[in-house]
Amino acid sequence: LSADLNIKNICCGQVLASSSMGNGKKYFPQFLDEKRRNRWERFYNHIGLNMFSPTGGCSELITSKIIYRNNLADKVLYCERDKGNPCYKCTKCLRKGLELKLHNYNYNFNRFDQNFITKFLNSRPLYFAHIFIHTIKNLDDIPSYLKESINDIIHIDTNCFTKIYTKSFKYFPEDIKERIINELTKYADLMNEEDENYLENWDMTK
């Protein structure tokens, strides 16, 4: 069908934590080393299709802003455990709720099992640590145990994750590259060299 329909590109929704950070634990140089690029993206590229993620350089702090500003908070599906709806019990529901709460979205955190969430937040290295650190330390109207659970890492600077990692533009198709960048920068600034160096030295496994 790609030939019949003249399809040149396949877009996915991979975010920065998945593309370059080992799910928030340690920087991974996908955009610096072609050989370390996602294997499926390389596979499609070999057969003439450019598979890439327009949000590969954006953390969920940015994609949640895109969702909120476009009134999609109640429409985006991120958990289907409760008969196709969010379960409001898992750590992904917690993460998404914290992200949306940053934009004053009404979210009830009392639905979560405190023991389960505390055990997760106390794990090290913490999965998607940059998101939990940034959201929890910048929110006041949340259960106190959330801040207490990450007290040892809450001081870590996460401001660079509110900006876009420009090296992710490497795999954007040239004919639509400028258009994608223009759309992304409606929601966030670009990382400067200092931000990129900080990201490229991110390591929560130490």
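What you are looking at is a predicted structure, and each value in this text was computed from that prediction instead of being measured.
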TODO: Might you confirm whether atom CZ of R81 has over 12 heavy atoms from other residues, nucleotides or ligands at distances under 6.0 Å?
DONE: no

Open item on the list: Would you compute the distance between atom CG of L199 and atom OH of Y165 and round it to the nearest 0.5 angstrom?
Closed with: 5.5 Å

- [ ] Determine whether more than 12 heavy atoms belonging to other residues, nucleotides or ligands lie under 6.0 Å from atom CD of E34.
- [x] yes

Open item on the list: Distance check, rounded to the nearest 0.5 Å: K177 atom NZ versus E174 atom CD?
Closed with: 4.5 Å

Task: Within-4.5 Å side-chain heavy-atom neighbours: E60 and K96 - done: yes

Open item on the list: Under a 4.0 Å threshold between the charged nitrogen and the carboxylate oxygen, would K147 count as salt-bridged to D140?
Closed with: yes

Task: Distance (rounded to the nearest 0.5 Å) between S144 OG and Q114 CD - done: 7.5 Å

- [ ] Using a 4.5 Å cut-off on heavy atoms from C-beta on, say whether the side chain of T162 contacts that of H134.
- [x] yes

Open item on the list: Test: ring pair (Phe, Tyr, Trp, His ring centres under 6.0 Å). Region: residues 49-98. Which pairs qualify, not counting sequence neighbours?
Closed with: F52-F172, Y68-H103, Y88-Y107

Open item on the list: Determine whether a donor-acceptor pair (N or O, by modelled atom type, separation under 3.5 Å) exists between the side chain of D195 and the backbone of N192.
Closed with: yes

Open item on the list: Count I, L, V, M, F, W, Y as connected when their side-chain heavy atoms are under 4.5 Å apart, and connections chain through other members. Are I156 and L98 then in the same cluster?
Closed with: yes

- [ ] Determine yes or no for a side-chain-to-main-chain donor-acceptor pair under 3.5 angstrom, with N50 supplying the side chain and K8 the backbone.
- [x] no

Show me the side-chain donor-acceptor pairs of residues 13-26 shorter than 3.5 Å, one per line, residues at least two apart or across chains.
| unit_1 | atom_1 | unit_2 | atom_2 | d |
| --- | --- | --- | --- | --- |
| S19 | OG | V15 | O | 3.4 |
| S19 | OG | L16 | O | 3.4 |
| S19 | OG | G56 | O | 2.7 |

Open item on the list: Are the side chains of S64 and L102 in contact, using a 4.5 Å heavy-atom criterion?
Closed with: no

- [ ] Using distance alone, with no hydrogens and no angle criterion, decide if Y145 and N115 have a side-chain donor and acceptor under 3.5 Å apart.
- [x] no

Open item on the list: Whether the side chain of D157 engages the backbone of N159 through a donor-acceptor N/O pair (distance < 3.5 Å, no angle test) should be reported.
Closed with: yes

Task: Exercise: identify the closest heavy-atom pair between I142 and I136 - done: CD1-O, 3.9 Å

Task: Reported CD1-to-CD1 distance for the pair I154 and I150, which is rounded to 0.5 angstrom - done: 4.0 Å

Task: Check: R124 and D152 side chains under 4.5 Å, non-hydrogen atoms - done: yes

TODO: Please name the pair of heavy atoms, one in I164 and one in C58, separated by the smallest distance, quoted to 0.1 Å.
DONE: CG1-SG, 4.0 Å

- [ ] Mark yes when over 12 heavy atoms from residues, nucleotides or ligands other than D141 sit less than 6.0 Å from its CG; otherwise mark no.
- [x] no

- [ ] Would you indicate whether the side-chain heavy atoms of F132 and L94 approach each other to under 4.5 Å?
- [x] yes

Task: Cation-pi check, R69 onto Y187 ring (under 6.0 Å, within 45° of axis) - done: no

TODO: Could you tell me whether D82 and K89 make a salt bridge, using a distance below 4.0 angstrom between a side-chain N and a carboxylate O?
DONE: no

- [ ] Report yes or no: does Q30 contribute a side-chain atom to a donor-acceptor pair with the main-chain N or O of N38 at less than 3.5 Å?
- [x] yes

Open item on the list: For the CZ atom on R179, are there more than 12 heavy atoms of other groups (residues, nucleotides or ligands in this structure) within a distance under 6.0 Å?
Closed with: no

- [ ] Answer with yes or no after comparing the ring centroid distance for F120 and F112 against a 6.0 Å cut-off, counting only values under it.
- [x] no

- [ ] Give a yes or no on whether the backbone of N108 and the side-chain of R111 come within a donor-acceptor separation of less than 3.5 Å.
- [x] yes

